[in-house]
Structures are given as structure tokens and as C-alpha cells.
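So the structure is just underneath, and the comments pick up after that.
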Amino acid sequence: VSLVENITLRRQPQPQLDAVYFITPCPDSVARLLADFPLGDSQPQETGEGQGPGLGGSARGALYRKAHVFFSSPLAPAQLTAIKACKLLVASLGSLVEFNLEY
């Protein structure tokens, strides 16, 4: 691990690095994950400095080379559908795991 960043803050692109996301499967976290891989996303991206789920992504492509995504509990079907609709994220996924840590 060379860098730890908060998903809710603006982050600089690191296209040479893989990212490990450990997030809850809430709508906000999933939206921010999708915003990091904007091309091919069926949802329009918000623009502007420090606003909305588009905090990290750019129109040029993904923030990171690959994504290893770990959810703390199972995803809702609608969230999984949103992830599957984001072609750049799907192409960049190294792993996607659901843990059952919240009980």
C-alpha cells in the first residue's frame, strides 16, 4: 500500500496504480466508485470543483489502472446493476468481493 485516500474527497489521478476500495454498499459509496471510472457509465457525471459523486473522475478516463473492490456487506441488486452498467469499471475490475461483516 503506497497511498490511503478518502473516497469522499477529491483525489488526483494515479493511472499507474491499482486501487483497493474497502467501502460500504451504500448508494453514496457506489456512486463515488462509479465516478472514479466515468467512461462507459450510463449515469451522467456531475461536474464542478468538489461537488457531487464526480469528485474523483474525469472525462479522460479512470483514476486508477485497476480496481479491487471489497464491500463490507452484500450489494443491493440495483447497485450491482449500476456497477455492471459502468463499462470502464467492469473492464478495470481486478476483483469484487462482498463480505458479511455488518450484522
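Starting from 1, each residue takes its place in the sequence as its number.
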Inset, instruction - Could you list all the side chain to side chain donor-acceptor pair (under 3.5 Å) pairs where at least one residue sits in residues 71-85, not counting sequence neighbours? - result: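 Output for this query lists Ser72-Glu102.
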
Taking every non-hydrogen atom, the tightest pair across [X] and [Y]:
X: Arg11; Y: Asp36; value: NH1-OD2, 2.7 Å
X: Ala67; Y: Leu89; value: CB-CD1, 4.1 Å
X: Pro25; Y: Leu75; value: CB-CD2, 3.7 Å
X: Leu33; Y: Phe37; value: O-CD1, 3.6 Å
X: Ile83; Y: Leu34; value: CA-CD2, 3.9 Å

Legend entry - Check: Ser92 side chain, Leu88 main-chain N or O, donor-acceptor pair, under 3.5 Å: yes

Inset, instruction - Would you give the length of the straight line joining atom CG of Leu17 to atom CZ of Arg65, rounded to the nearest 0.5 angstrom? - result: 7.0 Å

Legend entry - Rounded distance [0.5 Å steps], CG in Leu93 versus NE2 in His68: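 Rounded to the nearest 0.5 Å, the CG-NE2 separation comes to 9.0 Å.
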
Inset, instruction - Could you tell me whether the side chains of Gln14 and Gln12 share a donor-acceptor contact shorter than 3.5 Å? - result: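 Distance-only check fails for Gln14 and Gln12.
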
Inset, instruction - Could you please spell out the steps behind the side chain to side chain contact (heavy atoms under 4.5 Å, CB included) verdict for Phe22 and Leu101? - result: CA-CA 12 Å; Phe22 186 76; Leu101 299 177; 3.7 Å; yes

Inset, instruction - Please identify each residue that fulfils side chain to side chain contact (heavy atoms under 4.5 Å, CB included) with Ala19, with sequence neighbours left out. - result: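 Per chain and number, Ala19 pairs via side chain to side chain contact (heavy atoms under 4.5 Å, CB included) with Tyr21, Tyr64.
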
Inset, instruction - Compare all side-chain heavy atoms of Val97 with those of Val69 and state whether any distance is below 4.5 angstrom. - result: no

Legend entry - Test: Arg32 and Asp28 ion pair at under 4.0 Å: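 Looking at Arg32 and Asp28, the cut-off is met.
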
Legend entry - Phe71 and its side-chain contact (heavy atoms from CB on, under 4.5 Å) partner, picked from Thr24, Val30, Asn100: Val30

